[in-house]
Protein chains: 2
Amino acid sequence: MSTDQLKQQQQGVKTLQAIQSEVENINRIALSVDCVIFGFDENKLKVLLIKSDLKKYLGKWSLLGDLVFPNEDLDAAAYRVLKQRTGLSDVFLEQVHTFGTVSRHPAGRVVTVAYYSLINVQHHKLNTLDNELHWHDVKSINNMAFDHQQIFDTCLKQLQKRVQEHPLGFNLLPRKFSLRELQNLYEAILDFKMDRRNFRKKFFSMDFLIDLKEMEQDVPHRPGKLYRFNFEKYEKKKKKFIGIDF
Amino acid sequence: MSTDQLKQQQQGVKTLQAIQSEVENINRIALSVDCVIFGFDENKLKVLLIKSDLKKYLGKWSLLGDLVFPNEDLDAAAYRVLKQRTGLSDVFLEQVHTFGTVSRHPAGRVVTVAYYSLINVQHHKLNTLDNELHWHDVKSINNMAFDHQQIFDTCLKQLQKRVQEHPLGFNLLPRKFSLRELQNLYEAILDFKMDRRNFRKKFFSMDFLIDLKEMEQDVPHRPGKLYRFNFEKYEKKKKKFIGIDF
DNA sequence: AATATAATGTGTTTAATTTACACATTAAAT
DNA sequence: ATTTAATGTGTAAATTAAACACATTATATT
């Protein structure tokens, strides 16, 4: 062993060969993704959960996830889970946090990367055969399987924070929506009531709403105007801010 | 195969046995942590890097990281790297993002979880034998090994964002500091100049500074007052906000 | 057909926060 | 004794956020 190698070993520096050996044989760990899939329906924020089929967690609900394949990009695994469970592509998906305590999973050491996703519930139909999948009010869920309650709480907080920084909420709405629906959405996500006039002022001043010159149909009161979100304009604006974590 | 099992297979639902098998034998992946270790010295924000010893990246700098052991909590692995490289315990450490493209590492498939850490450079002495370790000005680094430039950029942005939400900067300063040093720190992190009077006003109004009734020594101008950060008060305040992502 | 109902649509005033800005003071260096 | 280079301090202006009320419209009711 050369002086250099000795020094490297003392310092914990590793050669490529040593690393390859460790990567291939020694230190591999099962890695999964878990998706907190949010939807908005009946003026409530919902999350898509599946009934756990593990004895230990019988009857409890868990997030939708799966192991990451050895040849699959991490984000791709999350999109795969989403696609498999909702049939949807091109949805909003953001990584939140990686949970990696040794004891978090009953089937052995599994590190999981948590994502949250925002989908338009109108665009998707749950497989009606798949009665293990259910939309839950976020306000009523507790006591989930594994450490999924913690993961869910973390993702909900992330959503609440992000939605106050960027107009993500539109991903949860149908293409056409009224300002009341938009406000209901924000109140459901953030769990507090807002001033109607200030809310409208704020969104109009952001200038991302396109007036569709249409009115709501079949509402039991004076119908409101319908708008759509100007995704194109928002994407342009985002590009200008690249580098400032926009 | 029962109807139930058939249905589960169709739906991608797995039994505990199937999961255990996958966890143990099939889908394991090498997992590493990488630490962006920030320091503050000579009024500049610094990052601790090591010279890459891989041929492919010869002469390039890389972050400090290591593979996660199969029996080691994820956060523990990051603390281990920190301790090994700086000798420090009880330092600020936050997980930022997990990088998981298949091709990111030359030694095979390695998913890495990125952390950033804030340390007081006065509290640590680099092993002088370890001439592969160096503090770099964050402004001058580019072209790092692997995808470490991207990881670094992501962590720096996270720091810049966090430091505007919470008083993390104190972790980078000596126990006693002047307001000018504090402002220099924030200007170094955020990379813009601030108004001196407004800066002082802001920090005094946060009420986390303890006046030590001492003055700077050995400065070539009128010495400023010395303060220390009231970590205890901050921790108390944080507790009140648990649940609001404080 | 007239009336009641329940929501939409719209501006202004006040309060709070952020920004801009100048001069006397102090200790060290000359 | 003078110069220098920083510290320490307050107020006014501008911007942003919060509070708040009434006329209008379509539906539902009588």
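Within every chain, numbering begins at 1; the chains are lettered A, B, ... in the order of the sequence lines, protein sequences first and strands thereafter.
- One atom, CZ of A:Phe203, and another, P of D:dA17, lie 13 Å apart when rounded to the nearest Å.
- Side-chain N/O atoms of B:Arg180 include one lying less than 4.0 angstrom from OP1 or OP2 on D:dT7.
- Partner B:Val121 forms a side-chain contact (heavy atoms from CB on, under 4.5 Å) with one of B:Thr86, B:Asp41, B:Ile37 and no other, that one being B:Asp41.
- Following rounding to the nearest Å, B:His221 (NE2) and C:dT30 (C1') show an atom-to-atom distance of 17 Å.
- Along DNA chain C, the nucleotide closest to A:Leu179 and the one closest to B:Val219 are compared, and the more 5′ of them pairs with A:Leu179.
- Within the structure, a side-chain polar atom (N or O) of A:Arg200 is placed less than 4.0 Å from OP1 or OP2 of C:dG9.
- When only modelled atom types and interatomic distance are considered, A:Glu187 and A:Gln183 share a side-chain donor-acceptor pair under 3.5 Å.
- A:Leu226 places its CG atom 13 Å from the C1' atom of C:dT8, with the value rounded to the nearest Å.
- Looking at A:Asp34 and A:Thr112, their side chains do bring a donor and an acceptor atom within 3.5 Å of each other.
- Across the protein-nucleic acid pair, B:Met194 atom CE and C:dC21 atom P stand 17 Å apart, rounded to whole Å.
- Between the side chains of A:Lys83 and A:Ser89, at least one donor N or O lies within less than 3.5 Å of an accepting N or O.
- Counting distance only, with no hydrogens placed and no angle test, the side-chain atoms of B:Lys201 and the base atoms of C:dT17 include no donor-acceptor pair under 3.5 Å.
- Atom NZ of B:Lys202 and atom C1' of D:dG10 are 19 Å apart (whole Å).
- Residue-to-nucleotide contacts include a donor-acceptor pair under 3.5 Å from the side chain of A:Arg196 to the base of C:dG9.
- As a whole-Å value, the separation of A:Asn43 CG from C:dA7 P is 12 Å.
- Atom pair B:Asp195:CG and C:dA20:P shows a separation of 8 Å (rounding to whole Å applied).
- Side-chain polar atoms of A:Glu94 and A:Tyr115 form no donor-acceptor pair below 3.5 angstrom.
- Taking only distance into account, the side chain of A:Arg197 meets the base of D:dA21 through a donor-acceptor pair shorter than 3.5 Å.
- Following rounding to the nearest Å, B:Gln183 (CD) and D:dA6 (P) show an atom-to-atom distance of 13 Å.
- For B:Asn198, taking side-chain heavy atoms from C-beta onward, the closest of the listed nucleotides C:dA20, D:dT24, D:dA26 is C:dA20.
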